[in-house]
Structure formats: C-alpha cells, structure tokens
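As structure tokens, the structure follows; a few thoughts come after it.
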Amino acid sequence: MNDDTSKVDIIKKHISSYPDFPKKGIIFRDLFSILREPSVFALLKEILINRVKSNFPNVECIAALDSRGFLLGPLIALDLQLPFVPIRKRGKLPGKVISEEYSLEYGKDVFEIQQESITQGEKVLLVDDLLATGGSLRASCKLIEKCEAVVVGCLVVIEIQALKGAEKVDAPLHSIIKY
Ligand SMILES: O=P(O)(O)OC[C@H]1O[C@H](OP(=O)(O)OP(=O)(O)O)[C@H](O)[C@@H]1O
Ligand SMILES: Nc1ncnc2[nH]cnc12
C-alpha cells in the first residue's frame, strides 16, 4: 500500500495540461511544470524512490526512455546506487545497438539500446514520465528482452487510462497519477 496520497495530490496539481498539443485532440500533460519548482520535484523524487523500493525491490538496473524519462531515471538510479541505462531514439548511441520500431500517440519512431549496456539475466526497471498508447514502453520491453535481460516492471508518473496503454505492456506496470 502507498500512503502518500497527499504528496501525489500536490504533484498532480503541478502538472500543466495543454489541449490540442502537439496535434488536435491530444491533451498534453507536461512534466516540466513540476521541474520548475524544486520542492515539488524533490517530492516527486521521494515518491518515485519509495515506489521502487516497495514495488520492485529486486531491481538491479534502471533504464529510461528518451527524452523525458532521462529526467527521472538517473535520480532513482543514483539514489538506489544502481546502474542507469538510456534507451535512445534512432542514431544517437555509439557502438553496437539493438533497435525496435514503435508508434506512439502522435507519431512513429525507433528506439535503440547499446548491446553492452545490459548484462544477460539482469533485472531491469523501465522508467518514463508518461504512458499513453503504450507503444514506447512495449518497444522498450522488447529491447530489454533482445538483450536477454528481464523487465521486472515499468514505472511511469502519468498514465492516460483511456488510451489503454497498460494492455500493451507485458511487464508489471506502476503509475503514480492516472487521468
Ligand atoms: O505510450 P506512448 O503512446 O508510446 O507515449 C508515451 C511516450 O510519449 C512521450 O515521448 P515522446 O516520444 O513525445 O518524446 P520526448 O520524451 O522526447 O518528448 C512520453 O515521454 C513517452 O515516452
Ligand atoms: N498526452 C500526452 N502528453 C504528454 N506526453 C505524451 N506522450 C504521448 N502522449 C502524451
């Protein structure tokens, strides 16, 4: 059980929503409005770390999604003294990479991971700001599996439930705020 309801309410109040961005019909939920206020960002960090400790106690590695996931994943990894691994959009990572195409609420792209960044059998937690259609997290799960590692779960700050992204994600999903 999580008894941090009043803290989560504060976080929710600080998420700005922008109708019709980046395309008509989409309500954009903006994580950056939290980061503008250090005390609120610190609260979010505390919540994330506690949720990892209680929901994914066996995690050995934190992987996050380009780019907004990078604002959160390293905070958690550093605090828990775990390795951090980036999953980046196509063409940004050097060395041998593994790729996976995906579609999301407003487009299509390719994610990549460095082959050497995860060891076989490693227990990985995927972190991102938001779950919409689930395309991004689904592709990221596939990348971890292609590395022969194990996805112990996915942690997002925001879940847009109407888009049913949770159905596309095969690993245990934990979201902090639901719309
Ligand atoms: O569940 P989905 O439909 O796949 O959508 C969720 C993804 O969309 C956003 O990323 P975006 O690709 O816009 O990139 P950004 O983080 O660089 O802004 C968001 O940060 C998630 O990663
Ligand atoms: N509605 C939304 N708001 C912010 N980021 C998103 N990524 C995909 N859908 C999104």
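Values below: every heavy atom of this structure, side chains too, minus hydrogens, waters and symmetry copies. Just follow the structure's listing: the first ligand is 1, and inside any ligand the first atom is 1.
Near A132, with a cut-off below 4.0 Å to any heavy atom, the atoms of ligand 2 are 8 (C), 9 (N). Per-residue contacts place L130 under 4.0 angstrom from the following atoms of ligand 1 (heavy atoms of the residue considered): 6 (C), 21 (C). Close approach of ligand 2 to I160 (heavy-atom distance below 4.0 Å) involves ligand atoms 1 (N), 2 (C). Near D129, meaning under 4.0 Å from one of its heavy atoms, ligand 1 places the atoms 19 (C), 20 (O), 21 (C). Numbered from 1 in the order shown, with element, the atoms of ligand 2 that lie under 4.0 Å from a heavy atom of R68 read 4 (C), 5 (N). Residue-ligand proximity, S136 to ligand 1, at heavy-atom distances under 4.0 Å covers atoms 2 (P), 4 (O), 5 (O), 6 (C), 7 (C).
Considering only non-hydrogen protein atoms, atom 3 (N) of ligand 2 sits nearest to R29 N, 2.9 Å. The shortest contact between atom 15 (P) of ligand 1 and any protein heavy atom is with S67 OG, 3.4 Å. Nearest protein neighbour of atom 9 (N) of ligand 2, counting heavy atoms only, is E105 OE1, 2.4 Å. Looking only at protein heavy atoms, the nearest one to atom 13 (O) of ligand 1 is Y106 OH, 2.5 Å. Shortest contact from atom 3 (O) of ligand 1 to any protein heavy atom: T133 OG1, 2.5 Å. Considering only non-hydrogen protein atoms, atom 22 (O) of ligand 1 sits nearest to D128 OD2, 2.5 Å. In terms of protein heavy atoms, atom 8 (O) of ligand 1 is closest to L104 CD1, 3.3 Å.
Because its NZ or CZ atom is both nearer than 6.0 Å to the ring centre of Y179 and within 45° of the ring axis, K12 counts as a cation-pi partner of that residue.
Of the N or O atoms in Y106, one or more lie within a sub-3.5 Å distance of an N or O in ligand 2. For ligand 1, the polar-atom distance check finds an N/O of A132 within less than 3.5 Å of one of the ligand's N/O atoms. For a threshold of 3.5 Å applied to N or O pairs, the pair formed by I27 and ligand 2 contains at least one separation below that value.
The two residues L155 and L125 have their closest heavy-atom pair at N-CD1, 4.2 Å. Listed here is the closest heavy atom pair of L131 and G134: CD1-CA, 3.5 Å.
Using modelled atom types, no side-chain atom of K146 and backbone atom of C141 make a donor-acceptor pair closer than 3.5 Å.
Using cut-offs of 30° and 60° for the angle between ring planes, the Y102 and F111 rings count as parallel.
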Please test Y18 against F28 for ring pair (Phe, Tyr, Trp, His ring centres under 6.0 Å), starting from the C-alpha separation and ending with a verdict.
-> CA-CA 5 Å; Y18 296 87; F28 191 87; 7.0 Å; no
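The option with the heavy atom closest to atom 14 (O) of ligand 1, from among R88, R68, K89, is K89.
Ligand 1 has no atom lying under 4.0 Å from any heavy atom of G165. Within the 4.0 Å heavy-atom shell around ligand 2 one finds I26.
Salt-bridge formation is not detected for the pair K89/E112: no Lys NZ or Arg NE/NH1/NH2 atom is positioned less than 4.0 Å from an Asp or Glu carboxylate oxygen. Ionic pairing of D129 and R29 is not present here: no N-O contact between side-chain nitrogen and carboxylate oxygen is shorter than 4.0 angstrom. Between K96 and E116 no salt bridge is recorded (no basic side-chain N to carboxylate O distance below 4.0 Å).
At a threshold of 4.5 Å between non-hydrogen side-chain atoms, the residues S103 and K108 count as touching. No side-chain heavy atom of Q114 sits under 4.5 Å from any side-chain heavy atom of V85. Residues Q81 and L78 have side chains in contact (heavy-atom distance under 4.5 Å, counting atoms from C-beta outward).
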